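Beneath this line is the structure, given in structure tokens, with notes to follow.
Note that this is a predicted model, so its numbers are computed, not measured. Side-chain atoms are counted along with the backbone in the values below, which use heavy atoms only and exclude waters and symmetry mates.
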Amino acid sequence: MNSNIIGVRFTKIGKIYHFDSKTLPDVQKGEHVIVDTARGKHLGEVIQVLEEAPPQPEGGWKSVERRATPRDLLLQQSWQAKQTEAMINCRARASELRLKEVKIVTAEYNYDGSRLAFLFSTESEEKVDLKSLKKDMQQIYPSTQIEMRQIGPRDVAKFLGGMGACGIETRCCSQFLTDFSPISIKMAKEQGISLTPNEITGMCGRLRCCLIYEYEQYVEARKSLPKRNKRVVTPKGEGKVIDLIPMSDKVVVLIESGTDRPQHMTFSREEIEPWDELEALKRKSQAPCDRHEGGGCTCGKAKKQENRN
């Protein structure tokens with residue numbers, strides 16, 4: 001049963017926002033709608049029609065106003081064509097005001113031109129004062145509501161696009177990532193990736209988003225493999241684990257016994273056994289019977305021990 005909650009996206013590779021579509025119960029994926037947002041009315045594309053409603057946000061759901069008309073779509077294209085000019089004007093004014101720590105990344109009109117948002121980034125950790133810049137831009141565009149919105153380095157890279165640090169023609173953030181997941185150094189360590197900044201840092205100057213792609217698979221694969229420096233028994237003798245190849249389910253072992261000099265050999269998980277567990281079983285099998293304290297042994301272990309001797 002339709003929940004009347006739909007997912008709407010405002011840009012091609014953008015986050016999906018949920019709205020109440022009870023005013024348009026027959027709305028379908030692929031249609032364009034006008035929705036009410038915290039930043040005014042915007043035009044977006046319906047990406048999802050949810051069968052079950054997600055948890056309601058604080059303040060309730062924003063509503064769908066109506067379907068977008070062909071005129072709305074043409075109007076949006078018309079205002080989008082003016083965004084570059086607005087961005088250039090804002091950059092020029094920021095330069096005149098000597099706002100060196102502020103970089104105007106892009107400008108965004110809503111579909112009818114009633115709102116104009118300037119997206120900026122800054123390397124300063126302190127809050128920057130853009131009141132003068134906003135006031136000046138409001139004078140240039142008196143019939144439009146001006147907004148100054150700060151974005152992070154990952155969003156900057158997403159807007160600018162370009163080649164990724166790995167050589168892919170279009171960065172992941174500009175190609176398909178709609179949300180930025182938290183990334184940590186631990187993810188690189190778990191996958192055995194070099195911690196050299198060039199190896200783990202993206203064009204945005206932050207840890208690469210791709211570090212999370214296979215992280216869970218590596219974590220799961222390592223659970224069934226022995227840890228580094230653990231002693232194991234292999235078909236070639238005893239040795240110490242010096243490296244893991246999780247995705248191949250293999251380990252690299254330094255064989256120290258049965259050879260003239262230590263050798264590095266690779267074994268699958270099925271070919272190795274933990275040395276400490278085998279030693280514990282060996283000691284247990286050689287120990288005297290302790291099940292019949294104060295009486296004779298009836299489990300047969302004493303006889304087995306005598307036969308070995």
Side-chain angles (χ1 to χ4, degrees), residues 5-19 29 35 37-40 42-48 50 54-59 61-62 80 83 87 90 101-110 115-128 130 147-220:
I5 302 301
I6 62 172
V8 176
R9 182 179 286 162
F10 300 107
T11 58
K12 186 177 180 181
I13 310 296
K15 185 177 179 181
I16 296 176
Y17 296 89
H18 294 121
F19 295 88
K29 288 173 60 175
V35 296
T37 75
R39 295 189 174 98
H42 285 268
L43 187 154
E45 181 182 357
V46 179
I47 302 298
Q48 300 172 334
L50 304 181
Q56 185 171 342
E58 185 177 350
W61 301 103
K62 293 287 184 179
Q80 286 177 343
Q83 291 178 166
M87 177 189 68
C90 190
E101 71 279 10
V102 175
K103 179 179 180 180
I104 306 300
V105 179
T106 189
E108 289 185 344
Y109 275 105
N110 68 338
R115 283 175 174 263
L116 173 59
F118 292 102
L119 279 59
F120 71 93
S121 65
T122 177
E123 296 181 359
S124 175
E125 295 183 359
E126 299 180 1
K127 186 176 181 180
V128 293
L130 298 182
E147 177 186 353
M148 309 301 296
R149 193 189 313 164
Q150 184 172 356
I151 59 176
R154 294 186 188 275
D155 292 295
V156 173
K158 184 181 181 74
F159 276 109
L160 297 181
M163 182 176 289
C166 61
I168 190 172
E169 291 186 4
T170 305
R171 297 172 190 162
C172 295
C173 55
S174 300
Q175 191 170 9
F176 61 84
L177 289 181
T178 57
D179 290 295
F180 295 114
S181 302
I183 311 293
S184 68
I185 287 290
K186 179 183 177 182
M187 294 177 179
K189 292 181 178 178
E190 195 72 34
Q191 298 172 69
I193 299 174
S194 169
L195 299 184
T196 304
N198 290 340
E199 294 291 330
I200 60 175
T201 305
M203 303 302 289
C204 59
R206 298 294 190 269
L207 292 174
R208 294 187 187 181
C209 294
C210 56
L211 291 177
I212 199 175
Y213 293 172
E214 298 177 348
Y215 171 66
E216 292 184 1
Q217 286 80 359
Y218 271 86
V219 171
E220 192 63 30

**Asked** Within the distance-only criterion (no hydrogens, no angle test), does the side chain of Gln83 pair as donor or acceptor with the backbone N or O of Thr106 below 3.5 angstrom?
**Response** no
**Prompt:** Taking the side chain as C-beta and beyond, is there a heavy-atom pair between Leu130 and Gln150 under 4.5 Å?
**Reply:** no
**Item:** 4.5 Å side-chain heavy-atom contact, Met87 and Ile104
**Value:** yes
**Shortest non-hydrogen contact from Lys186 toward Tyr215** = CE-OH, 3.5 Å
**Request:** Calculate, to the nearest 0.5 Å, the distance between atoms CZ and CG belonging to Arg149 and Asp155 respectively.
**Result:** 10.0 Å
**Message:** Using side-chain heavy atoms (C-beta onward) and a distance below 4.5 Å, is Ile200 in contact with Ile185?
**Reply:** yes
**Asked** Measuring from Arg154:CZ to Ser121:OG, what's the distance to the nearest 0.5 Å?
**Response** 14.5 Å
**Prompt:** Out of curiosity, Arg208 CZ to Met203 CE, how far, rounded to the nearest 0.5 Å?
**Reply:** 9.5 Å
**Thr178 side chain near Ile16 side chain, heavy-atom distance below 4.5 Å** = no
**Prompt:** Can you check whether Gly164's main-chain N or O pairs, donor with acceptor, with Arg171's side chain at less than 3.5 Å?
**Reply:** no
**Request:** Could you tell me the separation between the CZ atom of Phe120 and the CD atom of Glu101, rounded to the nearest 0.5 Å?
**Result:** 10.0 Å
**Prompt:** Looking at Leu160 and Lys103, what are the two nearest heavy atoms and their distance?
**Reply:** CD1-NZ, 4.1 Å
**Asked** Do any N or O atoms from the side chain of Arg115 and from the backbone of Arg39 form a donor-acceptor pair under 3.5 angstrom?
**Response** yes
**Fill in**
Here the pair of heavy atoms bringing Ala188 nearest to Leu195 is CB-CD2, 3.8 Å
**Prompt:** Going by heavy atoms in the side chains, are Phe159 and Leu119 under 4.5 Å from each other?
**Reply:** yes
**Request:** Give the ring-plane orientation class for Phe19 versus Phe10, where under 30° counts as parallel, over 60° as perpendicular and anything between as tilted.
**Result:** perpendicular
**Request:** First locate atom NZ of Lys62, then atom NE2 of His42, and finally report the distance between them rounded to the nearest 0.5 Å.
**Result:** 11.0 Å
**Request:** Identify the two heavy atoms, one from Ile212 and one from Pro182, that lie closest to each other, and give their separation to 0.1 Å.
**Result:** CD1-O, 4.1 Å
**Asked** Would you call the rings of His18 and Trp61 parallel, tilted or perpendicular, where under 30° means parallel and over 60° means perpendicular?
**Response** perpendicular
**Message:** Under a 3.5 Å distance rule, please check whether Thr196 uses its side chain to pair with a backbone N or O of Asn198 as donor and acceptor.
**Reply:** no
**Message:** Could you measure the distance from the OG atom of Ser174 to the CD atom of Glu169? Nearest 0.5 Å is fine.
**Reply:** 13.0 Å
**Closest non-hydrogen atom pair between Leu50 and Pro54, with its separation** = CD1-CD, 3.6 Å
**Complete:** In short, Leu207 meets Ser184 closest at the heavy-atom pair CD1-C, 3.7 Å
**Complete:** In Ile13, Ile151, Thr11, the residue satisfying side-chain contact (heavy atoms from CB on, under 4.5 Å) with Lys158 is Ile13
